[in-house]
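Contents: one structure, followed by commentary.
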Protein chains: 2
Amino acid sequence: MNIGEIARRAGVSRSTVSYALSGKRPVATSTRRRIQDVINELGYRPNATARALKEGRTRTIGLVIPPAGNRLTHMQLDFVASVVEAAARVDLDVLLSPSGGGHDRSFERLVSESRVDGVILMEIRLEDPRVGRLQAAGLPFVGIGHTAGDHQMSWIDVDYAGLVQHCVRHLADLGHRRVALVTRSRELISAGYGPARRASEGFEAAVAERGLDGVEVPCGDDARSGQECVVALLRSHPDLTAVTTINEAALPGIERALADSGIEVPYDFSVTGVAAKTWAEDFRPPLTAADVPALDMGEKAVSLLVERIAAPDTPPRHILLTPPISLRSSTAAAPTGRPSRVSRATR
Amino acid sequence: MNIGEIARRAGVSRSTVSYALSGKRPVATSTRRRIQDVINELGYRPNATARALKEGRTRTIGLVIPPAGNRLTHMQLDFVASVVEAAARVDLDVLLSPSGGGHDRSFERLVSESRVDGVILMEIRLEDPRVGRLQAAGLPFVGIGHTAGDHQMSWIDVDYAGLVQHCVRHLADLGHRRVALVTRSRELISAGYGPARRASEGFEAAVAERGLDGVEVPCGDDARSGQECVVALLRSHPDLTAVTTINEAALPGIERALADSGIEVPYDFSVTGVAAKTWAEDFRPPLTAADVPALDMGEKAVSLLVERIAAPDTPPRHILLTPPISLRSSTAAAPTGRPSRVSRATR
DNA sequence: TTGTAAGCGTTATCAA
DNA sequence: TTGATAACGCTTACAA
């Protein structure tokens with residue numbers, strides 16, 4: 001079933017069918033109807049591959065996700081979902097490419113075989129070879145996340161430094177003096193993962209600014225790690241009264257560890273951080289947190305990309321989001337005086 | 001940059017370049033090296049679109065996922081991740097298509113524009129129009145999940161009926177007489193969602209077989225719903241001593257509701273179900289459950305599809321998985337005699 | 001061992 | 001208002 005077959009049955013030339021479909025040239029109403037009838041009858045749709053070859057564009061974008069081995073976080077999942085959805089709204093298909101672990105056939109296919117009109121790169125590292133690769137290929141792309149140096153690229157990101165700083169200030173305002181940052185996994189950090197690195201910066205800045213005692217601990221992306229991490233933290237820092245985190249997957253574990261130690265949030269201890277809304281609202285008590293608008297971000301990334309595809313020589317654009325901190329119920333004034341938390345926990 | 005350019009620079013014909021690349025015809029070593037040098041220098045890779053047009057296949061498969069609106073469950077996410085990974089291993093790209101909510105441009109593009117060589121259909125309904133659509137289009141496909149009638153299609157699924165039956169029998173063996181099934185959302189059920197429907201069947205069968213009192217409640221796919229659901233259940237059925245579930249996302253809420261009521265699992269109450277391993281292990285205490293091998297399933301789905309693409313006229317194959325129930329710590333003998341749970345909870 | 005040329009299914013230019 | 005035809009970049013039969 002192809003355009004020639006339709007043309008034959010409608011008794012017209014292929015070009016007329018093409019024009020009847022695209023409307024790029026007037027077609028007599030009678031002819032058009034005849035063609036449309038045949039098309040409806042046979043359920044014809046033009047072959048996307050042939051069209052792509054002819055038009056020089058695929059109407060497809062690539063979405064580069066972290067390799068499947070490391071299970072995706074909820075936030076990443078929201079990115080994927082919203083990118084796919086937003087792309088579908090403008091009739092773009094999305095080709096998925098798991099990448100990030102070094103040599104990568106799938107990513108290479110994407111950039112060098114003209115399979116896509118542009119690429120959205122998730123989980124960018126501070127130094128990321130894929131950025132150079134895409135630039136060399138001359139393929140339009142945007143990052144969800146951004147590199148260390150300002151490479152000439154469009155991106156959208158969350159201002160982790162600023163947000164963590166806000167969180168710590170909020171805790172300081174409440175009288176907390178010793179606070180911890182529960183960050184992402186050691187591997188991610190040493191791989192140069194931007195959000196972790198930038199969260200550290202914000203944390204250190206705020207701690208210095210307010211003269212607090214700050215302790216920072218890496219933590220795996222799961223409940224168990226969160227739990228272990230907080231248990232260790234409570235043991236090693238008995239005077240800790242607050243924690244802030246950028247590790248949403250650790251939140252259920254953080255909740256557990258505190259509950260197990262007989263610590264009541266927020267009266268004995270405050271918790272805050274930056275996380276997707278669901279996680280914040282699922283925390284007990286509901287978490288005072290900067291809600292990462294992951295769904296918006298995917299959508300905006302698609303807009304940015306569409307823009308770049310349309311006008312590749314336009315200067316790149318950056319969107320740095322600083323969502324406000326939603327005050328929920330997990331932060332309160334630091335507990336005053338002794339009995340310290342330790343005695344309470346063991347009483 | 002195309003094959004003609006390479007040919008020109010290497011001083012050979014385009015076909016020679018093509019053959020040098022594919023190895024489908026011998027090429028003199030010297031010529032081959034000359035060609036390879038040019039290719040390396042320019043970083044040439046054949047245009048995938050042109051190749052697809054010529055070869056009549058795209059080396060791409062479509063993955064039809066539920067629409068992004070309903071946030072994907074972890075299990076669904078594992079399917080996606082494993083499908084993408086497995087496809088990448090055999091050098092297939094994956095085109096994502098959100099579908100399921102009625103009229104669907106993205107799905108239609110997939111099936112009727114020859115964008116893909118085959119389709120993996122997630123979240124199949126008992127009556128699913130997309131199955132007929134794919135069959136009419138003559139596009140190879142496999143389901144993760146299966147319809148009610150045995151349409152002529154390949155699929156892989158988990159035996160929810162059998163597994164829930166096992167779970168209930170296990171509870172009955174432990175002396176539980178009044179048990180509940182926490183299933184999926186009311187919407188999913190009325191939309192004809194297979195796993196929910198089949199879980200019901202298994203539940204009813206086991207309850208009848210063992211002469212138990214069974215109660216079945218729908219529940220949204222999130223912690224809060226799980227919590228509300230169990231709270232309501234405890235109130236309406238004071239003599240309930242066990243619950244089984246196929247709603248993994250509700251597990252954290254189930255855990256909370258029980259803890260809040262002062263119920264200790266497994267001494268006062270048993271919990272079991274079918275869930276991805278992570279969820280089961282994250283439950284407190286670790287959940288006795290049938291672990292759904294979501295990662296395997298994605299991989300097997302890809303194999304099935306590759307098979308069907310290669311031999312479309314082969315009779316379809318079905319894989320119904322019945323993973324064993326992993327005995328962890330959330331089930332124990334039913335509490336004996338009074339004081340009943342109610343009095344304990346309020347004591 | 002290599003080259004020529006047809007053809008995959010479109011779109012769009014040029015003629016009529 | 002419509003038709004013939006070239007072209008997109010590739011693979012592969014057929015020739016040499």
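Residue numbers start from 1 in every chain, and the chains themselves are labelled A, B, ... in the order their sequence lines are given, proteins ahead of strands.
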Value in whole Å for how far the [atom2] atom of [N] lies from [atom1] of [X]:
| X | N | atom1 | atom2 | result |
| --- | --- | --- | --- | --- |
| A/Tyr19 | C/dA15 | OH | P | 14 Å |
| B/Arg32 | C/dT2 | CZ | C1' | 13 Å |
| B/Ile6 | D/dG9 | CD1 | C1' | 12 Å |
| B/Glu55 | C/dG9 | CD | P | 14 Å |
| A/Lys24 | C/dT10 | NZ | P | 15 Å |
| B/Arg33 | C/dT1 | CZ | P | 14 Å |
| B/Ile35 | C/dT1 | CD1 | C1' | 12 Å |
| B/Ile3 | D/dT12 | CD1 | P | 11 Å |

- Sub-4.5 Å side-chain heavy-atom contact between A/Met122 and A/Leu63: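 With C-beta onward as the side chain, the pair touches.
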- Residue mapping more 5' on DNA chain D - nearest nucleotide basis, B/Ala50 or B/Arg25: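 Mapping each residue to its closest nucleotide by heavy atoms, the 5'-most match is B/Ala50.
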- Task: Assign each of B/Lys54 and B/Ala28 to its nearest nucleotide of DNA chain C by heavy atoms, then name whichever residue's nucleotide is nearer the 5' end.
- Result: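 It is B/Ala28 whose nearest nucleotide is closer to the 5' end.
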- Starting from the 5' end of DNA chain C, give me the residue, B/Thr16 or A/Arg14, whose nearest nucleotide shows up first.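 In this pair, the answer is B/Thr16.
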- Query: Got a salt bridge between A/Arg59 and A/Asp91, using NZ or NE/NH1/NH2 to carboxylate O under 4.0 Å?
  - Reply: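 Looking at A/Arg59 and A/Asp91, the cut-off is not met.
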- Item | A/Glu127 bridged to A/Arg125 by N-O distance under 4.0 Å |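 Not counted as a salt bridge, because no side-chain N and carboxylate O are separated by less than 4.0 Å.
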Closest approach to the side chain of [X], judged atom by atom: which nucleotide of [options] is it?
| X | options | answer |
| --- | --- | --- |
| A/Arg51 | D/dC10, C/dG9, C/dT11 | C/dT11 |
| A/Ser13 | D/dG9, D/dG3, D/dC10 | D/dG3 |
| A/Tyr44 | D/dT12, C/dT10, D/dG3 | C/dT10 |
| B/Pro26 | D/dG9, C/dG3, C/dT1 | C/dT1 |

- Hey, is CZ on A/Arg89 packed in by over 12 heavy atoms from elsewhere, all under 6.0 Å?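 Atom CZ in A/Arg89 is crowded, with more than 12 foreign heavy atoms closer than 6.0 Å.
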- Below 3.5 Å, does any donor atom in the side chain of A/Ser18 face an acceptor in the base of C/dA12, or the other way round?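 Such a pair does not exist between side chain and base.
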- Message: Does either side chain, that of B/Asp128 or that of B/Thr147, offer a donor lying less than 3.5 Å from an acceptor on the other one?
- Response: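 Short answer, no.
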- Query: Contact class for B/Thr31 (heavy atom, under 4.0 Å): base, sugar-phosphate, or nothing?
  - Reply: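 It contacts sugar-phosphate atoms only.
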- Within the pair B/Asn2 and D/dG9, is there a side-chain N or O less than 4.0 Å away from OP1 or OP2?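 True: B/Asn2 side-chain N/O within range (under 4.0 Å) of D/dG9 OP1/OP2.
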